[in-house]
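Data first, discussion second: the structure below is written as structure tokens.
Every chain is numbered from 1, with letters handed out A, B, ... down the list of sequences. Everything numeric in this text was worked out from a predicted model, so none of it was measured. Below, all heavy atoms of this structure are taken into account, side chains as well, without hydrogens, waters or symmetry copies.
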There are 2 protein chains.
Amino acid sequence: MTSNLSSHNGAGVVTVPVKVSFKAQMLQAREDAIVEAVNRLLAEKGFDLMTVDQVAAEVGIAKASLYKHFPSKEDLAAAAMVRVLARAKTMLASLPANVPPIDQLKAVVRWMMRLQLAGEMPSLPSQNSSLRATLMANRAYLDGLLQVSDHIGGWIEAAQADGSLNPALPPILVLYTVYSRACDPVLEFMQSTGQHSDEEIVEFVVTTCFDGLRK
Amino acid sequence: MTSNLSSHNGAGVVTVPVKVSFKAQMLQAREDAIVEAVNRLLAEKGFDLMTVDQVAAEVGIAKASLYKHFPSKEDLAAAAMVRVLARAKTMLASLPANVPPIDQLKAVVRWMMRLQLAGEMPSLPSQNSSLRATLMANRAYLDGLLQVSDHIGGWIEAAQADGSLNPALPPILVLYTVYSRACDPVLEFMQSTGQHSDEEIVEFVVTTCFDGLRK
DNA sequence: GTCTATAGACCGATAGAC
DNA sequence: GTCTATCGGTCTATAGAC
């Protein structure tokens with residue numbers, strides 16, 4: 001899968017740094033596999049119903065090896081959240097800049113909902129205190145969340161300034177309303193009826209979110 | 001609280017059925033206390049974090065006594081859901097009939113959100129399969145849910161017919177969107193900022209729900 | 001031969017069930 | 001009040017790389 005820089009290398013003196021790099025690559029690759037598995041399981045079952053044994057089984061490694069990478073179940077979840085925040089940042093940066101802020105916001109909401117419908121959006125309980133403590137102590141998580149929120153917050157203020165978003169609503173309410181589309185149970189319910197495609201559901205909810213239920 | 005038919009009854013022959021009735025009343029009263037405690041704990045911690053020991057402690061009875069009333073933790077949760085559905089039915093019936101359907105719907109949404117803000121709305125995970133199985137096997141729950149949904153569904157169709165609700169939206173989507181206000185994390189987030197009163201938050205979310213984020 | 005990582009048994013705590 | 005199952009977390013013996 002990855003090129004082995006140390007294979008067939010006759011010079012002993014240079015094998016030492018190369019070996020370390022190869023090992024580090026392996027570790028990194030496995031860590032990625034772990035976080036991806038955690039992400040998937042968190043989306044499928046949620047934090048409470050996900051067990052670390054399942055994570056180990058999904059990755060195909062021993063549970064003890066998991067604890068070489070992450071000190072606790074909470075840190076596993078935090079890593080998954082950091083991962084989605086990183087994906088969000090990439091997505092935000094890739095959006096074309098020359099469109100109205102309201103359309104940027106819609107694009108963000110669509111992206112979140114597609115992630116949820118694809119079963120790639122981790123779901124964490126807002127009540128678990130040990131999990132909250134771990135998240136709040138995680139610099140990468142807080143940084144990522146702040147950056148994403150700032151980015152979206154800028155569009156919210158711009159959209160309120162140009163009149164395309166209701167200026168009477170507190171920006172923080174708009175931000176939370178956007179975020180909550182990532183865990184909207186309506187998506188799952190509509191999907192379970194089997195009456196509409198994922199893209200239809202996304203457009204329905206974008207409509208209810210931005211234009212409301214009213215005509 | 002309830003009239004005790006057996007008190008000061010000198011005739012021994014008739015005390016037997018009366019005594020049974022008294023016992024039944026006591027059982028019923030305790031069952032009500034249990035379900036109310038479960039309701040409160042479900043709202044506070046959610047199903048997974050609520051333990052049966054906490055319920056027993058809250059009611060002030062032994063855990064074994066709980067299992068005389070309800071065969072499992074899932075059935076406790078089901079009883080709490082039946083209770084809120086009954087309260088919902090009462091609320092629906094008490095609404096004045098001579099107002100536009102759109103305002104009936106708004107009243108329903110306001111009632112749900114006030115219940116959540118008051119910490120009286122049980123929160124169940126949509127992933128727990130054993131819980132789902134118990135709910136789907138519970139006739140009282142299914143009946144209650146169907147009746148409430150029918151009642152609200154009638155208003156949705158009426159509101160779409162009179163043009164106050166977007167007729168392009170599937171009624172089931174509107175129903176789910178209304179229901180999801182009962183577990184909207186935006187309420188809790190806005191409450192935690194401490195910037196707005198509960199009633200302000202309710203009106204904000206009613207606005208975003210029916211009129212959307214747009215101006 | 002040494003060192004590391006792994007697999008899988010194991011432990012303590014907790015919760016549901018009766 | 002006890003029994004059992006499960007889960008988060010740890011420990012140890014071993015396999016394999018160098």
Open item on the list: Need to verify one output field. Residue with the more 5' nearest nucleotide on DNA chain D, P71(A) or K63(B)?
Closed with: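 By nearest-heavy-atom nucleotide position, the 5'-most residue is K63(B).
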
Nearest-Å distance for atom pair [atom1]/[atom2], residues [X] and [N]:
X      : N       : atom1 : atom2 : answer
K45(B) : dA15(C) : NZ    : P     : 9 Å
L66(A) : dC7(D)  : CG    : C1'   : 14 Å
L49(A) : dC7(D)  : CG    : P     : 9 Å
I61(A) : dA15(D) : CD1   : P     : 20 Å
L76(A) : dG9(D)  : CG    : P     : 9 Å
Q54(A) : dG8(D)  : CD    : C1'   : 13 Å
D48(A) : dG8(D)  : CG    : C1'   : 13 Å
K68(A) : dA7(C)  : NZ    : C1'   : 12 Å

Nearest to the [X] side chain among [options], which nucleotide is it?
X      : options                  : value
T51(A) : dG9(D), dA7(C), dC7(D)   : dC7(D)
K73(B) : dA7(C), dA17(C), dC18(C) : dA17(C)
E74(A) : dA7(C), dG16(C), dG9(D)  : dG9(D)
D53(B) : dA17(C), dA15(C), dA7(C) : dA15(C)

- [ ] Answer with yes or no whether the side chains of Q191(A) and D198(A) bring together a donor and an acceptor at under 3.5 Å.
- [x]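 Yes, because at least one side-chain N or O of D198(A) sits under 3.5 Å from a partner of the opposite role on Q191(A).
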
Task: Any side-chain donor near an acceptor of the partner, Y141(B) and T134(B), under 3.5 Å - done: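 No.
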
Open item on the list: Heavy-atom nearest nucleotide on DNA chain C for A62(A) versus M50(B): which residue maps closer to 5'?
Closed with: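 The answer here is A62(A).
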
Task: Option passing side chain to side chain contact (heavy atoms under 4.5 Å, CB included) with L146(B) (candidates D150(B), L142(B), D143(B)) - done: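 Answer to the side chain to side chain contact (heavy atoms under 4.5 Å, CB included) test with L146(B) among D150(B), L142(B), D143(B): D150(B).
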
TODO: Identify the two heavy atoms, one from D48(B) and one from P125(B), that lie closest to each other, and give their separation to 0.1 Å.
DONE: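 Of all heavy-atom pairs spanning D48(B) and P125(B), the closest is OD2-CG, 4.0 Å.
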
Open item on the list: For R83(B) versus V35(B), what's the shortest heavy-atom pair and its separation?
Closed with: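 Answer, listing the atom of R83(B) first, then V35(B): CD-CG1, 3.5 Å.
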
- [ ] May I ask you to evaluate whether Y67(A) reaches the phosphate of dG9(D), defined as a side-chain N or O under 4.0 Å from OP1 or OP2?
- [x]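 Yes.
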
